[in-house]
Amino acid sequence: MHHDCMLLARLARVSQEVAATSARSRKTALLAELFREAEAADVPVVIPYLAGRLPQGRIGVGWKVLGARVDPAAEPSLTVREVDDRLTRLAAVSGPGSQAERTRLVGELMGAATEDEQRFLLGLLTGEVRQGALDAVAAEGLAQATGAASADVRRAVMLAGSLRTVAEALLADGPRALGRFRLTVGRPVLPMLAHSASSVAEAVGKLGVAAVEEKLDGIRVQVHRDGDTVRLYTRTLDDITDRLPEVTAAALSLPDERFVLDGEVLSFDADGRPRSFQETAGRVGSRTDVATAARTVPVSPVFFDVLCVDGRDLLDLPLAERHAELARLVPEPMRVRRTLVTGAGDTGPAERFLADTLARGHEGVVVKGTDAPYSAGRRGASWLKVKPVHTLDLVVLAAEWGHGRRTGKLSNLHLGARAADGSLVMLGKTFKGLTDAMLAWQTARLGELAVEEYGWGVTVRPELVVEIAYDGLQRSTRYPAGVTLRFARVLRHREDKRPEEADTVEALLAAHPGVRP
DNA sequence: TTCCGACAGTGGGGTCGCAAT
DNA sequence: ATTGCGACCCCACTATCGGAA
C-alpha cells in the first residue's frame with residue numbers, strides 16, 4: 001500500500017462514521033484526523049469530498065446517468081487522486097453520444113469501487129452525502145487539524161469563496177496563511193443572507209434602530225469593478241457577467257473605479273412595475289442569445305450594500321457607514337428604497353413603508369440593524385425579511401414516501417383545490433412545515449384513507465383538509481389549473497373541516513389578479 | 001439551567017441548454 | 001420538433017448540537 005496516496009476507501013469509511021455519530025464535536029474530530037493524514041497533493045480533493053462536494057462542481061451526472069447498479073469490486077484499490085482524474089475526464093465529455101459515454105465512464109468507476117465506496121461516490125455525484133457535515137463542519141475540522149482558530153478559518157473561507165483554497169494554503173503554510181485572505185476586487189465573497197420575521201413589529205422589536213429596505217423579487221448579484229473590468233456573480237458565486245451587459249454598463253457608469261457592490265437584478269415593465277420572478281429568472285438564465293434576451297426583457301441592478309470601495313474593505317463597518325458610502329457612489333434610482341426607524345416605539349413608518357412597497361409590486365421588506373457589520377456567508381440575525389403570507393385550505397390527494405430521516409413516513413403531500421364542477425384540481429406539492437408528530441399522525445391517517453399504493457407513495461380518498469401557507473401564485477405548465485403555489489408549507493391538519501369546505505381555484509385566482517393561467 | 005444561533009436535511013417550482021428520441 | 005435530464009435560480013421549515021446568557 002502506498003501510504004503517500006490516500007485510498008477512497010478511507011474517505012468512505014470516515015464519511016460513514018461521521019454519518020453514524022450525532023455529536024458535531026465528534027464529527028469534527030473525525031474529519032480533522034483524516035485531514036491531518038492527507039498529503040498536500042491530496043488536499044484539493046480530500047477536503048471537498050469530505051465536505052460532500054466535487055471539486056469540479058456539478059458534472060452532468062444525475063440519477064439517469066448513474067443508471068443501473070454495477071457489481072462492486074471485492075477489494076479497495078481506488079485512490080482519491082485517481083477518482084478525481086476520472087471525474088475530471090468525465091466532466092469534459094460533451095456533444096452527441098455524451099450521455100452514453102458518461103454512463104459508461106460512471107459504470108467503469110463504480111465497477112472499480114467496493115460497496116462502501118460506491119455508496120460514498122453515489123452521494124458525491126448526486127450532491128447528497130447526508131453525513132450531517134458539509135462546509136461548516138469541514139471548515140471546523142480543518143481548523144482543528146491545522147491548529148488555526150476556527151473563526152479565522154471561517155472568515156478566510158467566506159473571503160476566498162472556497163474551502164478548498166483555504167485548505168491548501170493552511171496545510172502548506174499553517175495558520176499564518178490565513179492573513180492572505182482579504183476582500184479583493186474580482187474575487188467574489190459569499191453574500192450575507194437574511195432570516196425571516198413574521199411582522200415588521202417583530203423585526204424592529206428585535207433590532208431596535210433599523211433600516212427598512214424594499215425586498216425585490218429578482219436574482220442576487222455581486223458586482224465587482226476594477227477600472228474597465230466588471231464581473232458579476234450570483235449568490236453561489238457563479239460568474240454571470242456575459243449574460244447581463246446592462247448591469248456591466250451600469251457599473252461602468254458609476255464615478256469610482258474600484259468597488260464591490262451587493263444588490264438584486266430584476267426586470268421592470270414600461271410602467272416601472274417589477275415583472276414576475278419567472279420573467280427575470282428566465283432572462284438571467286439565458287446564455288445563448290443575450291442580445292435578443294436583453295431587448296425583450298431588459299434588467300436593471302438595484303443595490304443595497306457596498307463591501308469595498310477604492311481598496312477600502314468596508315465589511316466590518318456598521319451598515320450605517322456602509323450605506324453612507326453606497327449613497328455617495330450609487331445614484332438614487334439604482335439604490336433600493338429605504339426608510340429609517342428608531343426602534344420598537346416607532347413601527348408606524350415601517351408598516352407604511354411595507355404597505356407602499358407591496359403596492360408597488362414588490363415582495364416585502366428587509367429590516368436591517370444599522371449597527372451590524374456585513375456578515376459574509378452567514379445568515380446574520382441582523383437582516384430580517386418580512387413578507388406577507390397567504391393561507392388556503394386544500395385537500396390531500398396523494399402522498400409520497402419520504403427519504404433519509406423521513407423514510408417510512410408519508411411526507412410530500414399532493415394538494416388539491418375545488419373546481420367549479422366539484423372536482424379537485426392539483427395545485428402543487430409540499431413537505432414543509434411538518435413536525436415529527438405531524439408526520440407520524442399524517443402517515444397513519446393517510447394510511448386509513450389510502451386507495452392505491454404505488455412505488456412512490458399512495459393515492460388517498462380526498463378527505464383530509466390541510467391549512468397551507470404560501471407566498472404567492474405563479475404560472476405553471478405542469479399543473480392543470482395553469483397556476484401553482486410558491487413556497488407552499490403546511491400550517492396544520494384540519495380534521496374539523498370537510499373537503500367540501502376547502503378553497504376553490506376560482507377564489508384563488510381572484511385573490512391574485514396579477515397572475516393569469 | 002435555559003435559550004438561541006448555526007447547521008444540516010428534506011425537498012418544492014420554474015427556466016434554460018443540451019442530448020436523446 | 002418534442003421530450004427528458006441536469007444545473008441553478010428562487011426558497012420554508014424542523015431538529016439538533018453546543019455555546020451563550
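In what follows, every chain begins at residue 1, and chains take the letters A, B, ... in the order their sequences are listed.
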Task: Nearest-neighbour nucleotide for the Arg287(A) side chain, dG17(B), dA15(C), dG13(B) considered - done: dG17(B)
Open item on the list: If I take atom CG in residue Leu485(A) and atom P in nucleotide dG14(B), what distance separates them, rounded to the nearest angstrom?
Closed with: 10 Å
Task: Nearest listed nucleotide, side chain of Thr484(A), among dA19(B), dC13(C), dG14(B) - done: dG14(B)
Task: Asp436(A) with Lys409(A): basic N within carboxylate O range, under 4.0 Å - done: no
TODO: May I ask you to check whether over 12 heavy atoms, not counting those of Arg26(A), lie within 6.0 Å of atom CZ?
DONE: no
Task: Atom pair NE2/CG of His390(A) and Asp503(A) - distance to nearest 0.5 Å - done: 13.0 Å
Open item on the list: Need one value for Val137(A): base, sugar-phosphate or nothing, where a base atom within 4.0 Å counts as base even if backbone is also close, heavy atoms only.
Closed with: sugar-phosphate
- [ ] Measure centre to centre between the rings of Trp456(A) and His403(A), then say whether the value is under 6.0 Å.
- [x] no
Task: Distance, rounded to the nearest Å, where Leu427(A) contributes CG and dG12(B) contributes P - done: 16 Å
Open item on the list: If you compare every side-chain N and O of Thr435(A) against the phosphate oxygens of dT14(C) (OP1, OP2), does one of them come in below 4.0 Å?
Closed with: no
Open item on the list: Using heavy-atom distances to pick each residue's nearest nucleotide on DNA chain B, tell me which of Ala100(A) and Gly428(A) is more 5'.
Closed with: Gly428(A)
Open item on the list: Below the 4.0 Å mark, does dC11(C) have OP1 or OP2 next to a side-chain nitrogen or oxygen of Lys215(A)?
Closed with: yes
Open item on the list: Any base atoms under 4.0 Å from Ala136(A), or only sugar-phosphate, or nothing? Heavy atoms, all strands.
Closed with: sugar-phosphate
- [ ] Can you tell me the distance, in whole Å, between the CZ atom of Arg492(A) and the P atom of dC13(C)?
- [x] 15 Å
TODO: Round to the nearest Å and state the distance from Leu491(A) atom CG to dA12(C) atom P.
DONE: 14 Å
Task: CZ (Arg475(A)) with more than 12 external heavy atoms under 6.0 Å - done: no
Task: Cation-pi, Phe120(A) ring and Arg13(A) (6.0 angstrom, 45 degrees) - done: no
TODO: Determine, for Arg243(A) against Asp238(A), whether the closest basic-nitrogen to carboxylate-oxygen distance falls under 4.0 angstrom.
DONE: no
- [ ] Nearest whole angstrom, please: distance from the P of dC10(C) to the NE2 of His362(A).
- [x] 17 Å
- [ ] Return the value, rounded to whole Å, for the distance between atom NE2 of His414(A) and atom C1' of dG13(B).
- [x] 13 Å
TODO: Using a strict cut-off of less than 4.0 Å between a Lys/Arg side-chain nitrogen and an Asp/Glu carboxylate oxygen, indicate whether Glu506(A) and Arg418(A) qualify as a salt bridge.
DONE: no
TODO: Using only side-chain N and O atoms of Arg478(A), determine if any of them is under 4.0 Å from OP1 or OP2 of dG13(B).
DONE: yes
- [ ] Say whether Gln131(A) and Ser15(A), considering side chains only, have a donor N or O and an acceptor N or O under 3.5 Å apart.
- [x] yes
- [ ] Specify the separation, in whole Å, of atom CG of Leu266(A) and atom C1' of dT15(B).
- [x] 17 Å
What nitrogen or oxygen pairs link the protein and nucleotides 9-11 of chain B at under 3.5 Å?
| unit_1 | atom_1 | unit_2 | atom_2 | d |
| --- | --- | --- | --- | --- |
| dG9(B) | OP1 | Gln131(A) | N | 2.9 |
| dG9(B) | OP1 | Gly132(A) | N | 2.4 |
| dT10(B) | OP1 | Arg405(A) | N | 2.5 |
| dT10(B) | OP2 | Arg130(A) | NH1 | 2.2 |
| dT10(B) | O5' | Arg130(A) | NH1 | 3.4 |
| dG11(B) | OP2 | His403(A) | N | 2.3 |
| dG11(B) | OP2 | His403(A) | O | 3.2 |
| dG11(B) | OP2 | His403(A) | ND1 | 3.1 |
| dG11(B) | O3' | Asn412(A) | ND2 | 3.3 |
| dG11(B) | N2 | Lys432(A) | NZ | 3.2 |

- [ ] Could you tell me whether Glu213(A) and Lys385(A) have a side-chain N and a carboxylate O separated by less than 4.0 Å?
- [x] no
Task: Strand-adjacent residues in residues 22-33 of chain A, judged by heavy atoms under 4.0 Å from DNA chain C - done: Ser22(A), Ala23(A), Arg24(A), Ser25(A)
Open item on the list: Can you tell whether the side chains of Lys429(A) and Glu400(A) come within less than 4.0 Å, N to carboxylate O?
Closed with: yes
Task: Any Gln278(A) side-chain N or O less than 4.0 Å from OP1/OP2 of dT15(B) - done: yes
Task: Closest to side chain of Lys387(A), choosing from dA19(B), dC11(C), dC9(C) - done: dC11(C)
TODO: Classify the nucleic acid contact of Asp238(A) as base, sugar-phosphate or nothing, counting any heavy atom under 4.0 Å across all strands shown.
DONE: sugar-phosphate
TODO: Scan residues 50-67 of chain A against DNA chain C and write down, sorted by residue number, each residue with any heavy atom closer than 4.0 Å; if none is found, say none.
DONE: Arg58(A), Ile59(A), Gly60(A), Val61(A), Gly62(A), Trp63(A), Lys64(A), Val65(A)
Open item on the list: Could you identify the nucleotide paired to dC9(C), looking across every strand shown and requiring Watson-Crick or G-U wobble geometry with both distances under 3.5 Å?
Closed with: dG13(B)
Task: Candidate nucleotides dC7(B), dA12(C), dC9(C), ranked by approach to the side chain of Asp471(A) - the nearest - done: dA12(C)
Open item on the list: Using the ring centroid of each side chain, check whether Trp441(A) and His493(A) are separated by less than 6.0 Å.
Closed with: yes
Task: dT15(B) phosphate, OP1 or OP2, under 4.0 Å from Ser286(A) side-chain N/O - done: no
Task: Nearest listed nucleotide, side chain of Arg235(A), among dG13(B), dA15(C), dC10(C) - done: dC10(C)
TODO: Give a yes or no on whether Arg119(A) atom CZ has more than 12 heavy-atom contacts from other residues, nucleotides or ligands under 6.0 Å away.
DONE: yes
TODO: In whole angstrom, give the distance that lies between atom CG of Leu473(A) and atom P of dG13(B).
DONE: 14 Å
Open item on the list: Assuming nearest nucleotide by heavy-atom distance, tell me which of Arg243(A) and Ser196(A) is located more 5' along DNA chain C.
Closed with: Arg243(A)
